[in-house]
Amino acid sequence: MNFESFQLHHRIESGIEALGYTEPTSIQSQSIPSILQGRDLMGMAQTGTGKTAAFALPILQHLLSGPRKVVRALIIAPTRELAEQTREAFGQLGRHTKLKSASVYGGVDKNPQIRKLREGAEIVVACPGRLLDLMDQRVIDLTHVEILVLDESDRMFDMGFLPDVRKILKRIPAERQTLLFAATMPDDIRHLAKEVLRDPVIVQVGASVPVSTVSHAVYPVESHL
């Protein structure tokens, strides 16, 4: 199987080629067709298996038609590093689509993020706390969201974000496509999946261990540094 078999728009295919992707990974080949069909999906896969592209490519394909300059895809991530990484992936894969993406997370000045939103981002990658903050300030409109992704949802649970995620879910359209990705499936995530997914396709790739492409390193640092 190659990426051409997904019959993605040529603007998206050129983004794939520019990144040097040739063959889809297991999570991509098993997830992309179902997401393109509009199905809800629960994907279990470790970091390094390519799951960001597994949801980014079909989202870009979906957003090429329909309105622009309103938030139509919302990806919720547990950390700002992951949020920024995901936004960059959308930017690279969708470089020829003219679709705009913005990342929203705490620990930094919110004004540049608000400016990006006001420029008309169709894709928002957000950490729960800052997203709720901007929703409360009415500077982000999520009434047009068509696709929701809960990425690394088990990690969000570990970090205590599940109550915030539930608050967000209550304030976005119930009629939407929902994708949930995790590396492990604790009971709380299973319960959440049952609540938010409608007749989902379930994709499980590999065992619950880091894939061989991920390297680990420890750097001891003195506390004053």
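If you read the sequence from its start, that first residue is 1, and numbering goes on from there.
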Practice item. Could I get the full list of ring pair (Phe, Tyr, Trp, His ring centres under 6.0 Å) partners for Y105, not counting sequence neighbours? Key: none

Check your understanding: V70: which other cluster members, linking ILVMFWY side chains closer than 4.5 Å, directly or transitively?
Key -> none

Check your understanding: Salt bridge between E146 and R72, side-chain N to carboxylate O under 4.0 Å?
Key -> yes

Point to revise | Partner set under side-chain contact (heavy atoms from CB on, under 4.5 Å) for A77, not counting sequence neighbours | key: L82, A83

Check your understanding: Less than 4.5 Å apart, any side-chain heavy atom of I35 and any of H62?
Key -> no

**Study point:** Pairs involving residues 176-186, ordered by first then second residue, that meet salt bridge (Lys or Arg N to Asp or Glu O under 4.0 Å) (sequence neighbours left out)
**Key:** none

Check your understanding: Salt bridge between K98 and E122, side-chain N to carboxylate O under 4.0 Å?
Key -> no

Using distance only, find each side-chain donor-acceptor pair of residues 159-171 under 3.5 Å and give its atom names and separation, not counting sequence neighbours.
from	atom 1	to	atom 2	distance (Å)
R166	NH1	E195	OE1	2.6
R166	NH1	E195	OE2	3.0
R171	NH1	D136	OD1	3.1
R171	NH2	D136	OD1	3.2

Point to revise | Check: P186 and D154 side chains under 4.5 Å, non-hydrogen atoms | key: yes

Point to revise | Nearest non-hydrogen partners of A102 and A121, listed with the distance | key: CB-CB, 3.9 Å

**Study point:** Joint hydrophobic cluster, L19 plus I27, side-chain heavy atoms closer than 4.5 Å
**Key:** yes

Point to revise | Between CD1 on residue I16 and CZ on residue F3, distance to nearest 0.5 Å | key: 5.5 Å

Exercise for review: State, with a plain yes or no, whether a side-chain heavy atom of L180 is found less than 4.5 Å away from one of I189.
Suggested key: yes

**Study point:** Option passing side chain to side chain contact (heavy atoms under 4.5 Å, CB included) with L93 (candidates I59, L57, L99)
**Key:** L57

Review point. Are V145 and V124 side-chain neighbours, meaning at least one heavy-atom pair lies under 4.5 Å?
Key: no

Study note, to complete from the structure: Shortest non-hydrogen pair, T178 vs D40, comes out as N-OD1, 2.9 Å

Exercise for review: Evaluate the side-chain proximity of M156 to P128: yes if any heavy-atom separation is below 4.5 Å, no if none is.
Suggested key: yes

**Study point:** Beyond-backbone contact of F181 with I75, side-chain heavy atoms, under 4.5 angstrom
**Key:** no

Check your understanding: Do H144 and V71 touch side chain to side chain, with heavy atoms closer than 4.5 Å?
Key -> no

Check your understanding: With distance as the sole criterion, is a donor-acceptor pair present between the side chains of Q177 and R198 under 3.5 Å?
Key -> no

Practice item. Decide side chain to side chain contact (heavy atoms under 4.5 Å, CB included) for L134 and L117; before the verdict, give the C-alpha distance in whole Å, the side-chain angles of both, and the deciding distance to 0.1 Å. Key: CA-CA 10 Å; L134 296 183; L117 294 170; 3.9 Å; yes

Point to revise | E222: partners by side-chain contact (heavy atoms from CB on, under 4.5 Å), with sequence neighbours left out | key: H224, L225

